[in-house]
Amino acid sequence: MTGTALAAAPRPTGTAASLGRALRTRRPLVCGVLNVTPDSFSDGGRFRSFDRALERGLTLAAEGADLIDVGGESTRPGARPPTLAEELDRVVPVVEALAGRVAVPLSVDTSRPEVMGAAVAAGAGMVNDVRALQRPGALAAAAELGVPVCLMHMQRSPETMQEDPRYRDVVGEVRAFLAGRLRDCLEAGIPPEHLLVDPGFGFGKTLAHNLALLRSLDALTGLGVPVMVGLSRKSLLGQLTGRGVADRLPGSLAAAAVAVQRGATVLRVHDVAATRDVLAVLDAVGSVT
Ligand SMILES: Nc1nc2ncc(COP(=O)(O)OP(=O)(O)O)nc2c(=O)[nH]1
């Protein structure tokens with residue numbers, strides 16, 4: 001896609017329909033991470049307060065995020081899940097405040113149907129579920145809400161997923177799981193243009209599993225829906241570089257470039273401006289799918 005085409009590609013506005021269309025422009029989209037949590041692996045606690053979270057959301061929008069993913073549950077290995085009340089209290093006020101302040105669509109990173117409903121009512125235009133709508137009521141809620149949904153693969157749960165994860169064929173098994181969830185969503189009435197998948201880097205995977213999935217991302221793009229990837233500052237980059245979370249920006253940008261060149265459509269990142277710079281270079285060279 002040329003620079004002008006990139007510039008002409010619709011930037012998502014705050015509605016689900018426009019986000020659905022933007023997801024199909026094939027221009028890679030940058031999704032900014034906004035963790036309103038006390039314990040996220042990458043920025044735990046920095047944006048826990050309403051004021052700091054709102055400020056962070058405005059910054060992500062100003063840096064050029066196409067989407068902002070607001071989450072109230074840390075899913076790092078061993079994290080304590082928040083209560084429903086805690087998750088609602090963290091997410092809804094921030095979504096409501098941001099929805100009135102930024103033109104960028106908001107996504108809610110949750111597995112709870114109650115949080116999905118409250119966040120969409122407050123202005124979220126997408127659901128991002130690391131448990132792929134497997135919680136009771138989640139699939140029905142997502143179908144009812146009529147917004148785009150990202151289905152992510154996770155083996156087991158955040159509490160146990162990194163305890164010796166094993167696969168016979170990680171790419172084939174992740175693909176089969178996501179294909180099955182896509183079928184379930186279509187049967188529940190969610191239109192195909194509202195569906196995305198995500199291999200879930202770091203969610204019940206060893207370094208070898210993560211690298212196999214990144215190398216074979218085309219196995220997921222073959223499912224016919226946009227692929228979101230969350231590689232930003234994750235521990236696999238620490239394993240490869242020896243860097244701590246604060247020093248993983250170079251590795252995150254390299255991983256983002258590889259993911260886009262292998263077909264990823266949405267990059268879920270902590271560093272929006274830097275990631276957009278990478279995409280600008282890839283687009284100018286013409287190597288963005
Ligand atoms: N679709 C999708 N959603 C995700 N949500 C959370 C995290 C974990 O990263 P982060 O939110 O930065 O950390 P924490 O879960 O500790 O808040 N990763 C993904 C991901 O890879 N894909």
Side-chain angles (χ1 to χ4, degrees), residues 23 29-48 53 56-57 60 65-82 86-87 90-91 94 106-112 115-116 119 124 126-134 138 142 147-155 157-159 161-162 174 177-178 181-182 195-205 209-210 213-214 217 220 225-238 244-246 248-249 251-252 255-256 259 264-272 275:
L23 289 168
L29 302 181
V30 179
C31 172
V33 177
L34 177 49
N35 290 316
V36 192
T37 59
D39 53 354
S40 289
F41 86 91
S42 56
D43 51 28
R46 283 177 53 200
F47 312 113
R48 172 65 192 88
R56 177 67 177 162
L60 291 169
D66 297 299
L67 180 66
I68 296 173
D69 191 32
V70 184
E73 174 193 6
S74 169
T75 48
R76 65 166 169 64
R80 177 189 71 81
E86 285 173 332
E87 192 175 354
R90 291 172 185 176
V91 169
V94 172
L106 306 175
S107 166
V108 58
D109 187 350
T110 186
S111 300
R112 288 183 161 124
V115 179
M116 293 174 194
M126 177 172 148
V127 169
N128 170 33
D129 185 359
V130 298
R131 295 176 180 84
L133 300 179
Q134 294 179 99
V147 299
V149 182
C150 180
L151 306 166
M152 194 196 82
H153 174 273
M154 178 190 325
Q155 189 181 70
S157 69
E159 293 82 3
M161 64 189 180
Q162 287 309 112
V174 169
F177 169 82
L178 293 172
R181 295 308 292 155
L182 286 172
L195 293 171
L196 300 85
V197 293
D198 182 325
F201 289 106
F203 286 85
K205 283 98 177 177
H209 295 143
N210 287 317
L213 285 164
L214 186 51
L217 212 53
L220 298 188
V225 298
V227 176
M228 178 190 278
V229 300
L231 289 155
S232 178
R233 295 186 181 270
K234 284 206 175 160
S235 59
L236 70 121
L237 301 173
V245 173
R248 290 178 190 162
L249 178 56
S252 300
T265 302
V266 185
L267 299 172
R268 184 178 181 279
V269 303
H270 303 85
D271 308 278
V272 171
T275 305

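Each ligand, and each atom within it, is numbered from 1 in the order the structure gives. All figures in this text were calculated on a predicted structure; none of them were measured in a lab.
With a heavy-atom cut-off of 4.0 Å, Asp198 touches ligand 1 through its side chain alone. Proximity of Met152 to ligand 1, defined as any heavy-atom pair under 4.0 Å, is confined to the side chain (atoms from C-beta onward). Proximity of Leu231 to ligand 1, defined as any heavy-atom pair under 4.0 Å, is not found for any part of the residue.
When all heavy atoms of Pro82 and Arg112 are compared, the closest pair comes out as O-NH2, 2.8 Å. In this structure, Val245 and Arg233 approach most closely via the heavy-atom pair O-NH1, 2.9 Å. The two atoms that bring Arg131 and Met154 nearest to each other are CG-CE, 3.9 Å, heavy atoms only. Taking all atoms of both residues into account, the shortest heavy-atom contact from Leu237 to Ser252 is CD1-OG, 3.4 Å. Closest heavy-atom contact between Asp198 and Cys150: CB-SG, 3.7 Å.
Shown in contact with Met228 at under 4.0 Å from a heavy atom are these atoms of ligand 1, numbered in order with element: 1 (N). Near Val130, meaning under 4.0 Å from any of its heavy atoms, are these atoms of ligand 1: 3 (N), 4 (C), 5 (N). Those atoms of ligand 1 that come under 4.0 Å of a heavy atom in Arg76, given as number and element, are 15 (O), 16 (O). Short contacts between ligand 1 and His270, defined as distances under 4.0 Å to a heavy atom of the residue, involve ligand atoms 12 (O).
Rounding to the nearest 0.5 Å places CZ of Arg268 at 11.0 Å from CG of Leu231.
Nearest non-hydrogen protein atom to atom 17 (O) of ligand 1 is Ser40 OG, 2.4 Å. Ranking the protein heavy atoms by distance from atom 13 (O) of ligand 1 puts Phe41 CD2, 3.1 Å first. The protein atom (non-hydrogen) at minimum distance from atom 15 (O) of ligand 1 is Thr75 OG1, 2.7 Å. Of the protein's non-hydrogen atoms, Arg268 NH2, 2.9 Å is the one closest to atom 11 (O) of ligand 1. Looking only at protein heavy atoms, the nearest one to atom 21 (O) of ligand 1 is Lys234 NZ, 2.6 Å. When hydrogens are left out, the protein atom nearest atom 3 (N) of ligand 1 is Asn128 ND2, 3.0 Å; that is the closest non-hydrogen contact.
Ligand 1 has an N or O atom lying under 3.5 Å from an N or O atom of Asp109, backbone or side chain. Checked against a 3.5 angstrom limit, the closest N/O atoms of Asp69 and ligand 1 fall outside it. Inclusion of Glu73 in the set of residues having an N or O under 3.5 Å from an N or O of ligand 1 is not warranted.
Using modelled atom types, one side-chain atom of Gln162 and one backbone atom of Lys205 make a donor-acceptor pair closer than 3.5 Å.
Ser232 pairs with exactly one of Asp271, Leu267, Val33 by the side-chain contact (heavy atoms from CB on, under 4.5 Å) rule, that one being Asp271. Tested against Met126, the residues Val266, Leu196, Val149 include a single side-chain contact (heavy atoms from CB on, under 4.5 Å) partner, Leu196.
In this structure, the salt bridge (Lys or Arg N to Asp or Glu O under 4.0 Å) partners of Glu86, at least two apart in sequence or on a different chain, are Arg80. Taking the salt bridge (Lys or Arg N to Asp or Glu O under 4.0 Å) definition, one finds that Arg90 meets it with nothing, sequence neighbours left out.
Distances from ligand 1 to the non-hydrogen atoms of Arg233 include no value under 4.0 Å.
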